[in-house]
Each structure stands twice: as C-alpha cells, then as structure tokens.
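Notes follow once the structure below has been shown.
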Amino acid sequence: MKELKYINKYFSKYKWRLLIGVLITVFGKLLALRIPPLVSNSLNSVEEYLKAKENHLPKVALEQLLLEVETQLLINVLIIIGVAVLSGFLTFLMRQTIIVTSRFIEFDLKNEIYQQYQRLSLNFYKKNRTGDLMNRISEDVSKVRMYVGPAIMYSINMIVLFAVGFTQMISIDIKLTMYTLIPFPLLSISIFILSKITHKRSTVVQEYLSKITTFNQEFFSGINVVKSYGIEATIINDFDTIADESKEKNIHLQKANALFFPLMVLLIGISNLLVIYVGGKQYINGEILIGTIIEFMLYVNILTWPVAVVGWVTSTIQQAEASQARINEFLKQVPEIQNTNSSSSKLKGNVTFKDVTFTYDDTHITALKNVSFSVKPGETLAILGKTGAGKSTIIELISRLYDTKIGAVLLDNKPIKEINLDDVRSQIGFVPQDTFLFSESIEDNIKFGKAAATEEEIIAAAKSANVHRNIIDFPKGYKTILGERGVTLSGGQKQRVSIARAIIKNPKILIFDDCLSAVDTETEEKILSNLTQISKNITTFIISHRVSSAKNADKIIVLEQGEIIQQGTHNQLITKEGYYKYLYEKQLLEKEN
Ligand SMILES: Nc1ncnc2c1ncn2[C@@H]1O[C@H](COP(=O)(O)OP(=O)(O)OP(=O)(O)O)[C@@H](O)[C@H]1O
Ligand SMILES: [Mg+2]
C-alpha cells in the first residue's frame, strides 16, 4: 500500500470527522450484536415454561410463570425494537461521516489533479490522449474513493462484528462455533476471486464506454463532413461494431456479477444447515438450549456480509493502489515551463531572437534553424513564408509555450526564462492561427482578455477588430451565445472576435498568427489601419501569407524551412529577386484580375 500513503494527508485533514465515524460504527455494531442474545433469551424462557407445563406444576405456579415469561418476552421485544432502530440510525450516521469524508477527499484529490493539469505545459498534452487524461480525474479518483470510503467503513464493520460476535459465540459453545464458521474462509476467498474478476471485466467495460464516447464526440464534431460525404451508413456500421463488442463485454461482466449473491446465499445456507444439524444433535443430547441454535443462525446472518466483504475490500484496495500509482506518477510530473521569477515588472516590448534553433520533442522536426532578429518596442514585424516554414513556432517561443534549448529568446534584452512567466503571458496579446472561442456569449469571449473590462472597452475592442457591426446585427448583440447551442460565427467573424479579445488586453506585445486569412482584403486593410492607431506603443507581430498584411510593417522576414531567407522593409524587398518579390507580383496580378 505504498502508493495509497499519499492519501494519508487527507485522512489527517479530516481526522475528527473520521474518528467520530469510526466510533459511531463501533458503537452501532456493538448494539446490533445485542439482538441475538435477546432472541435466544426469549426462546429459552418460552421453552422453560413449556417444560414446566409438561412437569405438571401446580396451576398457580404455572400461571405465575406464564406471567413472568410474557413480561420477559414483552421487554425483550421492546429492547430489540429499540436496539434495531438505534443501530439503524447509527448506520445512517456512519454513512454521513465516513462516506461523506470520502466524498470530501475525492473532491480535494480531483482539485489537486485539476490544478496539475493547469500547471502542465503544452508538450504534456501532446504526449497524452484526452481520454486517458479524463480517466485519471474520473475513474482513477473514484477507485481511490472506494478505498477511502466503503473499503475502510466495511473493514471497521468487519473487525468489530467479527471480534465481538466471535467472542460471544465462543463463550456459548466452542464446538458449534467451529462448525458454523467452516464455510466462512471459503466465502471470503471466493468473493475475493470473484471481485478480482469483476474488477477486471468492469475495466474492460469502462474502456469500451470511453471508446464509444470518443467515437461519438468525433462524429458529432465532424458531422458536416459526414453529411456532405454521405458516409452515414459507414458510421452506423462502425458504431454497431463497437456497440456490439461493448455489449458482449457487458454481458461478460454481468455473468460474474450474477454469481455474487447466489454464492453468498449458498455459503450462508451451508452455515445455517451446519448450525441446525450440529446444534440439533447437541440440543438432543442436552448440551445446549434451543435458543442457542437460533442465536447462532442470527450470528451467521450478521457475520456473512462482513466476511464476504473481506474479499471485496482486498480486491478494492488493490485497485485503488493501482489507480493511486497512476495519480501519483501524474502529480509528480514537473511542468517543463517553469516560472523562476516571482517579482513582477512591466515589459517594454523588445523582442530578440539570437541564433535560435528549435526542435519539437515529439516529432523531432527542426522547425527553426539559426533564427536571429530583433524588434524594438512599438515596431511591427511581419513574418512571411510557405506553410510549415516555422512561423507559428516563432510565436510559440515568444509566448513561452515552449523553451528553446539552442540559442536565446530575449524580452527586453533579458532571457525569457528569467522573466516572470505571468508577466510574459499577461502582457502578450495572442491571436492564434486556429481561433478558438468558448461556448459563451460574445461579450464573455472578448472579456477573456480582460476580466474587468467595461462595456465601452469591449465595444472599442470590437470596433478596432472591425467586428462591432456584425455583432450588433445579431438580435442579442454582445450577449449572443456562441458554439454548440448558440450562433455559429463565420470563419472571418471568429477571427475578428478573437482579435478583439487580444486587443482588449492592452498588451505590450501583440501577435497575429495568420488571423486575417479568412477576411477579405478590404476588411483586412481596415483592421490593419485601426491597428496602426492603437499599436503605436505595442510591438506587433503579423504572420501572413499575404503581402498586403506585411507591406506596412517596419520589418519583414521571410522564412523557408525554418531559416530566414530574406529580411528588410517592403520597399527594399520588392526590388530584390526572391520569394517576397515573387509573392508581391503574384498577388498584385490576382488583385488586378
Ligand atoms: N506542436 C508541434 N509538434 C511537433 N511538430 C510541430 C508542431 N507544430 C509544428 N510542428 C512542425 O514544425 C514545422 C513548422 O511548423 P509551424 O507551425 O511553425 O509552421 P507555419 O510556418 O506556422 O505553417 P502554417 O503557415 O501552415 O501555419 C512543421 O514541419 C510542423 O510539422
Ligand atoms: Mg502557423
């Protein structure tokens, strides 16, 4: 149980609640164990009366005895009812304390995992599948919870019931106790084996469940491809295959589950038979009273569940151990991008690349080779180049989504690794290449850049991004909900909302990664001219495939296969033979046509 030690800190956090729970459990079980002796006592007194009757006692004495027996029975019944009600109430309290604590611990653990998700860098997400990540927070945590809650609760149950019940039984009759308990180890072991089988099969069922979910998710998001290619039949076929397999696995699981109760009933039955047979013989020989037989049968019923649970608990703890091992391994991961500086400072906006060579870890693609350039505060740098040339990679390095190992990225002439990461992220406005908007209102999406933004600021940002007119055309204006159950924006509208989101941040560095590709040249021009007004003091990076986006920049660099092949101003570059001039002439022609 090495891995589960991690949970101990939570146990100590909730120690009082747990302790009360344990005490309540112990007390509740002690109470429940008072019932069998009372039943036995009642039966014995009835038998005593019957014997007295057989022995032809005087009528007066007999009547006196009957009255005594009746009173005794009434008292016993009342006590039994009282004990049962109280013990039931304590069981309720036990769940309220121990199971509720397990829910608290589950909540804490989930939060811890979630925070780690937020801390980890981009690279981690590329190396792990979404399904596995989701599983860690749902499946694995719930298995650990089973250990924290039910497993511990049943263990205490089992220990108390067995220790006390066993002592009570032994004190009455050792021989009968031994016979009664013969099937119990068998019960424990078979439930353990069965639980292991069920756990294994239910893991498979879970895997299929997540397969089906993933399949559907992908199908839903690709619905327009599916419809326009008319491949519904294929999709149905594929779905049928998975669903069929999933059904088989479920049936397989249910077969194991179905054995659970019959097995228990069988073993209880054997125990009870032994009590009746062995106890009956002892009774005939006058070794025990009739009440003892009934008392032992009650013990069998009380002890069966805790004994069966030993097997279940053992297998549950093994499962929890494996899940916690996965959680621990994940929590131990150190984010690649570390914040080494906690003092905050304002950026000026100087960006310098010094001989940067960058290779992606997972694909081993060298996206940048010996890239050097420098941009002063307030300047605009345009980056052009064919697809896959490394443009977005430059941007990712400036936002410190990755760290470079060769060469240096400097902000305000300081290595970016030495600057407070929060400063870097909060003072850069980034419009990514594939725009992502959340399924919330347009207003909220823009406010992502600045949570405290006023309405005027939101409108000003939207105007600068040239999307204000589009927004107010929607019936609900800025309150229009986007995404799944809302309005679908056109590609260009999305790009412009995400530009507004970056502008409203009022950053020191503004980055546009090819985000004017879906707007027409006229709108592009308007946005760019708005930008020149607001970005006087902002260092701006414009990535584009179009010369029109780049021509007003202070500096233009052209990338090819990760290397800078040309740099200069628009006027310098159009006079030199090369990619820029070629692009310029080609796009000029397109415009004229
Ligand atoms: N996250 C990544 N992991 C691994 N390799 C990547 C990653 N991103 C990009 N690459 C690879 O690095 C190279 C440069 O990609 P990059 O995205 O910088 O190109 P780009 O110039 O922005 O292209 P585009 O104009 O198509 O956006 C490509 O070969 C690409 O396959
Ligand atoms: Mg790109």
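Positions are given from 1 along the sequence. Both ligands and their constituent atoms are indexed starting at 1 by order of listing.
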Check: Can you tell me if an N/O/S atom from Thr387 lies under 2.8 Å from the Mg ion (ligand 2)?
Finding: no
Note to self: Looking at Lys376 and Asp554, is there a salt bridge between them, counting it only when a charged N and a carboxylate O are closer than 4.0 Å?
What the structure shows: no
Check: Salt-bridged, Lys405 to Asp361, with N to O below 4.0 Å?
Finding: yes
Note to self: With no hydrogens and no angle check, just 3.5 Å: does a side-chain donor-acceptor pair link Asp513 and Ser392?
What the structure shows: yes
Next item on the list: Indicate yes or no: does Arg103 engage Glu106 in a salt bridge with an N to O separation below 4.0 Å.
Entry: yes
Note to self: With side chain to side chain donor-acceptor pair (under 3.5 Å) as the rule and sequence neighbours excluded, what pairs involving residues 566-575 come up?
What the structure shows: His570-Tyr580
Next item on the list: Compute both the distance and the angle, then confirm whether Lys211 meets the cation-pi test with Tyr208: under 6.0 Å from the six-membered ring centre, within 45 degrees of the axis.
Entry: yes
Show me a pair-per-line table, with atom names and distances to 0.1 Å, of protein N or O atoms that are under 3.5 Å from an N or O of ligand 1.
unit_1	atom_1	unit_2	atom_2	d
ligand 1	1 (N)	Lys126	NZ	2.5
ligand 1	3 (N)	Lys126	NZ	2.4
ligand 1	5 (N)	Thr363	OG1	3.0
ligand 1	8 (N)	Tyr360	OH	3.4
ligand 1	18 (O)	Ser392	N	3.4
ligand 1	18 (O)	Thr393	N	3.0
ligand 1	18 (O)	Thr393	OG1	2.5
ligand 1	19 (O)	Gly390	N	3.4
ligand 1	21 (O)	Ala389	N	3.2
ligand 1	21 (O)	Gly390	N	2.9
ligand 1	21 (O)	Lys391	N	2.8
ligand 1	21 (O)	Lys391	NZ	3.0
ligand 1	22 (O)	Ser392	N	2.9
ligand 1	22 (O)	Ser392	OG	2.7
ligand 1	23 (O)	Gly388	N	2.8
ligand 1	25 (O)	Lys391	NZ	2.7
ligand 1	25 (O)	His545	NE2	3.3
ligand 1	26 (O)	Thr387	OG1	2.7
ligand 1	27 (O)	Gln433	OE1	2.9
ligand 1	27 (O)	Gln433	NE2	2.5

Margin query: Using a distance threshold of 2.8 Å, state whether an N, O or S atom of Ser392 lies below it from the Mg ion (ligand 2).
Written below: yes
Check: Thinking salt bridges, do Lys247 and Asp244 make one under a 4.0 Å N-O criterion?
Finding: yes
